[in-house]
Number of protein chains: 2
Amino acid sequence: MSIADFGRVIGHESRVAMLQALMGGVALSASELAWHAGVTNQTATSHLNELVNAKLLYRRKCGRFHYYEINGDSVASTIEKIASGIPVKDGRDFRRNVKPELKKARFCYDHLAGELGVEISRILVQIEALVLYQDSFHLPETEHPIYRTVGIDLSEIRKSRRLLCPRCVDWTERLPHVAGAVGAAIAAKMVESGFIVRSRNERSVKITRSGRFFLIDKLGLSASFFV
Amino acid sequence: MSIADFGRVIGHESRVAMLQALMGGVALSASELAWHAGVTNQTATSHLNELVNAKLLYRRKCGRFHYYEINGDSVASTIEKIASGIPVKDGRDFRRNVKPELKKARFCYDHLAGELGVEISRILVQIEALVLYQDSFHLPETEHPIYRTVGIDLSEIRKSRRLLCPRCVDWTERLPHVAGAVGAAIAAKMVESGFIVRSRNERSVKITRSGRFFLIDKLGLSASFFV
DNA sequence: AATTTATTTCGACGTTCATCGAAATATATC
DNA sequence: GATATATTTCGATGAACGTCGAAATAAATT
């Protein structure tokens, strides 16, 4: 593949957003990547086909889910080199301009991101309801009771062909939050229980009063988190 | 500049051809780069403006000549990283498919390239009519008599605002040949003297019988060069 | 078997990009 | 001053690209 072909493939924000979402070796599904790129699934399919044909991404099917990952270290390091080596017009840290409500808590496709997503993930690891092993989340062999407390039946979730708990890198916090079936189940159950509500712009999330109580009392979040 | 912007800028063969012609730190003029890219000067101007705006190239004027060079080591190393790190569809060495007559001797804009261009440059360095210093050609302080022998008046050429003897990297030989005012003068004088003639396709060059005599007798090329 | 979810295919539409002929401008040379 | 060379500007043209609605396909779930 020539330099020009490579340039052409990465020369669009949608494809770059997908690549960046996958940096760090995680696998994400087509719909999740469509969300990250801010396009419809049809457009995402078109872009993903190009990335796979260019051998930048690797695709594997798992039931009806199509998972994509970066195709090797050399691709990742090339993207990193471009990101770090090219002259910038504007060196400002884009994170300074994130709306506070998006930074605090928001949906990332169908799971939680932002400070809330990161903090929940961190606490689940701390109480050993999740294991962070070699930069990836895993469920422990013995089911932690917190899932029942929240109303999540892990044995049912385990039956899914969807990845259970891939690590999603938070673009505002630059720390990981849990995605996949477990991440989605946590988010769905919190909506169902009235602990969080989606805001009108469908991205940011408001934590309700009962949600605040639940997060402090049951999950052990610090009260200072809500200041 | 974002990854996508960078990708878009290098995502066309014409701009990549210009960047590649400039790898190694040489400076080439707009018309020379148009030639390398295989486009008209108007098209080249458009592309060069983009490369300069993206801060990949640096432009400086010298009289009516506009010279371009790679804008720093980080740009060069990023391009090299892309060239070496990306997955290739077809690993064949493209040089295998070069027509023999193009490989042997051809014009590169207005100076000689191919085996002939490289060999003439090598011999000029050997007899100290050119100095290869820090990967660049230079004229020696004392004018070498070979130029008068060929019919070239260096004192007149020195008056030109054009670069005298930049190093042009031969894409078939991967060795340098001399470009600029000196390179052009050598080629022009050899045409004028009937030592070489342009072929009908305007790229390859045929060495005439008298040219062969001249190159062996006056410049010291080995007879085996013409086998 | 019916319904739902994930993804792809199809086709239309609008935008972006790269090209060059003609003409103009800037910088020499004669 | 006239002419030549290097380069740019202008405008038109055609190709390439990215989008999504509608519909279809594949793999679940009910």
Side-chain angles (χ1 to χ4, degrees), chain A residues 4-5 7-18 27-54 57 59-68 109-110 153 156-163 179-181 184-185 188, chain B residues 4-5 7-18 27-54 57 59-68 109-110 153 156-163 179-181 184-185 188:
Chain A
D5 286 337
R8 213 195 53 72
V9 168
I10 66 167
H12 193 277
E13 316 85 55
S14 296
R15 290 192 289 275
V16 168
M18 293 173 178
L28 293 171
S29 71
S31 298
E32 287 168 326
L33 291 167
W35 187 92
H36 276 281
V39 296
T40 64
N41 289 357
Q42 304 91 294
T43 303
T45 296
S46 167
H47 288 310
L48 287 167
N49 282 337
E50 276 204 65
L51 290 164
V52 169
N53 285 341
L57 291 188
R59 164 167 49 204
R60 61 183 164 81
K61 287 180 64 175
C62 192
R64 66 190 180 191
F65 295 94
H66 293 213
Y67 282 102
Y68 295 83
Y109 186 60
D110 63 359
D153 185 352
E156 287 303 300
I157 289 176
R158 283 187 188 278
K159 290 174 180 171
S160 170
R161 296 292 192 86
R162 188 177 178 184
L163 294 183
Chain B
D5 287 337
R8 213 195 56 70
V9 169
I10 65 167
H12 193 278
E13 315 86 52
S14 297
R15 290 192 288 274
V16 168
M18 293 173 178
L28 293 172
S29 68
S31 298
E32 287 169 327
L33 290 168
W35 187 93
H36 276 281
V39 296
T40 64
N41 290 356
Q42 306 91 297
T43 303
T45 295
S46 166
H47 288 312
L48 287 167
N49 282 338
E50 276 206 65
L51 289 165
V52 169
N53 286 342
L57 291 188
R59 165 167 49 202
R60 62 183 164 82
K61 287 180 63 174
C62 191
R64 67 191 179 190
F65 296 96
H66 292 212
Y67 282 104
Y68 296 82
Y109 186 59
D110 63 0
D153 186 351
E156 287 302 300
I157 289 176
R158 283 187 189 278
K159 288 171 179 171
S160 171
R161 295 291 192 87
R162 188 178 179 183
L163 293 184

Taking all atoms of both residues into account, what is the closest heavy-atom pair of [X] and [Y], and its distance?
X: Ala44(B); Y: Val39(B); result: N-CG2, 3.9 Å
X: Met18(B); Y: Ala37(B); result: CE-CB, 3.8 Å
X: Tyr67(B); Y: Arg162(B); result: OH-CG, 2.9 Å
X: Ile10(B); Y: Gly7(A); result: CG1-CA, 3.7 Å

>> Working to the nearest 0.5 angstrom, can you tell me the gap between Thr45(A) OG1 and Glu50(A) CD?
In response: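 Between atom OG1 of Thr45(A) and atom CD of Glu50(A) there are 12.5 Å.
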Scan [X] against the nucleic acid and name what it touches under 4.0 Å (heavy atoms): base, sugar-phosphate only, or nothing.
X: Arg59(A); result: sugar-phosphate
X: Glu156(B); result: nothing
X: Lys61(B); result: sugar-phosphate

Between [X] and [N], does any side-chain N or O lie under 4.0 Å from OP1 or OP2?
X: Arg8(B); N: dC17(C); answer: yes
X: His66(A); N: dT8(C); answer: yes
X: Ser31(A); N: dA6(C); answer: no
X: Ser160(A); N: dT29(D); answer: no
X: His12(B); N: dC17(C); answer: no
X: Arg161(A); N: dA27(D); answer: no
X: Thr40(A); N: dC20(D); answer: yes
X: His47(A); N: dT19(D); answer: yes

Side chain of [X]: nearest nucleotide among [options]?
X: Gln42(A); options: dT7(C), dC20(C), dT9(C); answer: dT9(C)
X: Arg64(B); options: dA6(C), dA6(D), dC20(D); answer: dA6(D)
X: Thr45(B); options: dT7(C), dT8(D), dT8(C); answer: dT8(D)

> How close or far is atom C1' of dT7(D) from atom CZ of Phe65(B), stated in whole angstroms?
Replying inline: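 Rounded to the whole Å, the gap is 11 Å.
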> Which whole-number value in Å describes the distance from Leu48(B) CG to dT19(C) P?
Replying inline: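 The distance from CG of Leu48(B) to P of dT19(C) comes to 11 Å, rounded to the nearest Å.
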> Starting at the 5' end of DNA chain D and moving along, which residue's nearest nucleotide shows up first, Val39(A) or Ser29(B)?
Replying inline: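 Mapping each residue to its closest nucleotide by heavy atoms, the 5'-most match is Ser29(B).
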>> On DNA chain D, does the nearest nucleotide to Arg15(A) precede the nearest nucleotide to Glu32(B) from the 5' side, or the other way round? Give the residue.
In response: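 The answer here is Glu32(B).
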